[in-house]
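Below: the structure, in structure tokens.
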Amino acid sequence: MSEAHYNHRFIEHKWQQNWRERKLYRVDNQSSKPGYYVLDMFPYPSGAGLHVGHPLGYIASDIVSRYKRQNGFNVLHPMGYDAFGLPAEQYAIQTGKHPAETTAENIARYRSQLDRIGFSFDWSREVRTCEPDYYKWTQWIFKQLFNHWYNIKSNRAEHIDNLVAIFENEGNINVAHAGGEVDDFIAEEWLHYNKRQKEDILQHYRLAFIHETTVNWCEELGTVLANEEVKDGLSERGGYPVIKKPMTQWFLRITAYAQRLLDGLDAIDWSDSIKEIQRNWIGRSEGATVNFPIHNDTAGRSLEIFTTRPDTIFGATFMVIAPEHEWTADLIHADQADEASAYVEWAKNRSERERMSEVKNVTGAFTGSYCTHPFTGKQVPIYVADYVLGGYGTGAIMAVPAHDSRDHSFAKKFNLDIIQVIENDEADVQEASFDAKTGKCINSDFLNGLDVTIAIKEAIAFIDDKKLGKAQVNFKLRDAGFGRQRYWGEPIPVIFDDDNIPSLLGDNDLPLTLPTVDSYKPTGSGASPLAAIDDWVNTPQGRRETDTMPGWAGSSWYFLRYMDPNNDQIIASNDAIKYWGQVDFYVGGAEHATGHLLYSRFWTKFLSDINVLPFDEPFKKLVNQGMIQGIVESIYLRKEKIDGKSHFVSSGLVDNPADFTQIPVHVDFVTDYKKTDTPSFLNIDGIRQFKEWRPEYSDAVFECSNGKVIDGIFEADGDAIEPICYTKSEIGKMSKRWFNVVNPDDICEEYGADTLRLYEMFLGPLEDAKPWNISGIDGVYRFLKKTWKLFVDKEGNYIPNANPADKKSLKTLHATIKKVSEDVQRISLNTCVSTFMIAVNEFTDQKCQNKEILDQFLIVLSPFAPHIAEELWEMGGREESIALATWPSFDEKHLVEDSKNYPISINGKTRTNIELSLSLSKDEIEAAVLQDAEVQKWLDGKQPKKVIVVPGRIVNLVV
RNA sequence: GCGGGUGUGGUGAAAUUGGUAGACACGCUAGACUUAGGAUCUAGUGCUUAACCGCGUGAAGGUUCGAGUCCUUUCACCCGCACCA
């Protein structure tokens, strides 16, 4: 005897405890079964806790994990925490509380929230990036990067000792490396360099290196930000202004891997959009560098430019250099100094934000210098303009106004020549440039008549032949800044000696742990709080590096640590890495496209080069779950007070929104929240709650749609009973900031984890963004109650028995097995839920009581709703968990039909249906259809022009 | 501007190779039962119509016996990048 009614609280608590006690989801690194690795992007444990959007991906991956487990795989499905990060540090700055403490508390909260949803994580493998046992290996990988260089000839990373050996034997003349340009030297010279000189040279080779650059400096945060942390010249977090500032920084040479990162995309199963974003970010462009001799230059120099369109070189009528080009000052002629120097000065001081917001506004100045066009011998003027970027290509371009829109607008503004060199019938290049890479060359000497694609090759061959330049591939991708002037991150295991030469800590000195500090505040000078701890910074060997690693360091390799999380000899044992291999299925947000997902690929390729990994892509298949949005509720506040009082106005009464400010309202105060068909509003209670919540508006007047509320008293228009102050409802982020966060705990309490799991899947395709809307969850809850009723009668007795299986029930079962198996594999989880509903509806209609059928159905349901499935499974006398059951095999024979209700369409429109045997031939079908009374009515005595019979599908008559 | 994506009932959505558009749910309407509930069950529900007919997948063309699905043009919204030569 058990509960007569479906009691989710009892069942879910019981099984979550049972699973934990039995260590049901523990997984071993050794098995005769094939391994399958299912991974979620691990969360940053923020103080806000999980909201209903977070589990979306976890639920999907849990379903796949459970499905794979039941299909004979040994499944690795771990979870952990990306635990270093700015919010905990900001909180520490405000409160003095150690970030480790805050982080541990937040993790505990996350864990309890996750546990309530019934995931099949193997928690014995949990990793936390902020734990010394973990970041020891993050530091170890950094050491490897420092100790390796990228050999272009072997196309892989190699040990720096091998490079030094080459230098000692033959200098660097035959070395091709990825990195900065280095002057040639011979072995003799190398041997005479001092330690300082040698290290300066090696820094151009190492994959982790120090380099002075301009960085994104944010004064308010007191730190340097990565490019992707800056949006429109403001910090992504906090929205503070960001300026360019020179600073010495650690970098990782990701650019060495640019081509491989690009090529690798073809072999992985990721969405096209993410691949495109990465391709874009890497930004490969093929072209040539060309040298344009500078006219009358005392040093005899040539200006090197990069172009992807060497076919248009005869149309180059001027040159443009970036304001920060190293020769800018030299090239400014005395008689242009006033104007050009002033321009350079102005451009340098312009903030990133200003520059970006005024893209369409062309600016620049003539330097007074000229180049000699290497093909025509003509003199072309050199301009300086900030539409040419110092950091890309050579920082200088040949301008072809006829075929480049940017050059065109510049030429128009400065009244420069526009020479057409590519044929184009449609438009006049004097009016607008023709940028397309199609057509034939004209006005181009030996290139005339050639197609653009061929002309590019010919031009490059000519350039090569005459030693005017060379074919060149450029990438937009920049080396990755690797230092943060922050406390809460992995310390970089480096010590600088008295000559400021960096050296690594020994492996035995790892992990280099974070010391305790008195203050977490940025020092303001740009150094991290660590710099203030003298006895930590100063060691007998020298001064420690005080920068810490960026947030993405720990997350770039965490998927490896799960394979062997307690290993203290190596990041993970070779056996474990070999057994699990790449992540088979990875689920996470698309917002990490150019961050985590690129850096992980880079580290994986590097670790593969140094033989730590037997594969060089981390994530075989990636699915990006869409964001679950919230509904942001706000009320309109008059900007002007009336008689010293704030006035809120019902949204229907707002005529000119410019006179109002929108004030967010906590969604708990709103009536009819989340119902899309009825507008939400504040009633008298909501108004009271709002005023208590925001005391600064305690004296506010609410102008409602049906009267006014003054001092909590409703003055009705007419006979209205209750005030209605309509709110403004908009779809937006679910976030603390908008007071619209829905905690999964609340859903679990009211409806249960199984309902939450099914409902989140039922909302729509996993990848789509969708607003969280509670209406509809009842349907899923009802489905589970119906499922329960198939197994348990009103008295609480278990129903299923061994009576013979009904043919129809077998058909329902096997149709369900087939559909769900297929849909789980193509991650169409919303349609699986529909399929379950159909099955339960059919079983109910069929009054199916066959235990074998219903138990098989339970197995198919169990990845989605594990608790109820486990309970009903146990009630059927099973002792082993349903999670370990074998997925039922699908048998086609139960689906075979002997007849088909053919849709009969006439001129493409379905008019009737005729039940016909599937054994009939085309001709027999045609004959049967033509005899049908309904068909004859439509034919009206005429012969059909044509009859199309698709056996098993449809019949179409053309009249 | 460039790249990627999405447009289907009142709502979330389905339709996997071109073959009955709207499965499955929510909501709504009517009814049954009743311990009166936010429970359960039954029937209906794209628009239009008394019914038949007709119309219907953002819009306009096209291919086809047949188009949500393929092709061309176009509009709207979302995401990413943004002077990358």
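Just so it is clear: chains get the letters A, B, ... in the order the sequence lines come, proteins before strands, and each one is counted from 1. No experiment lies behind these values; they were computed from the predicted model shown.
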Students often get this wrong, so: under 4.0 angstrom with heavy atoms, is A:Ile277 touching a base, only sugar-phosphate, or nothing?
sugar-phosphate

Base, sugar-phosphate or nothing for A:Glu767? Non-hydrogen atoms, less than 4.0 Å.
nothing

From B:rG54, B:rU16, B:rA39, nucleotide with atom closest to A:Asp823 side chain:
B:rU16

Contact class for A:Val320 vs. all strands (heavy atom < 4.0 Å): base, sugar-phosphate, or nothing?
nothing

Quick one: label A:Ser285 by what it contacts on the DNA or RNA (base, sugar-phosphate, nothing), any heavy atom closer than 4.0 Å.
sugar-phosphate

From CD1 of A:Ile456 over to P of B:rA85, roughly how many Å is that when rounded to an integer?
12 Å

Is the shortest heavy-atom distance from the side chain of A:Phe843 to the side chain of A:Leu813 under 4.5 Å?
yes

Salt bridge between A:Glu822 and A:Arg826, side-chain N to carboxylate O under 4.0 Å?
no

I want to check something: taking the side chain as every heavy atom from C-beta on, are A:Glu286 and A:Thr308 in contact at a cut-off of under 4.5 Å?
no

Between B:rG4, B:rG80, B:rG66, which one does the side chain of A:Ser273 approach most closely?
B:rG4

Over all strands shown, is A:Lys819 touching base, sugar-phosphate only, or nothing at heavy-atom distances under 4.0 angstrom?
base

What's the gap between B:rA23 and B:rU45 when it is taken at their P atoms, as a whole Å value?
10 Å

Rounded to whole angstroms, how far apart are CG on A:Asp768 and C1' on B:rA14?
13 Å

Answer with base, sugar-phosphate or nothing: what part of the nucleic acid does A:Lys785 contact at a heavy-atom distance below 4.0 Å?
sugar-phosphate

Mind checking if A:Ile838 touches a base, just sugar-phosphate, or nothing, with heavy atoms under 4.0 Å?
sugar-phosphate

Nearest to side-chain heavy atoms of A:Val388, which nucleotide of B:rA85, B:rG12, B:rA15
B:rA85

Any luck finding a side-chain donor-acceptor pair between A:Asn474 and A:Ser285 under 3.5 Å?
no

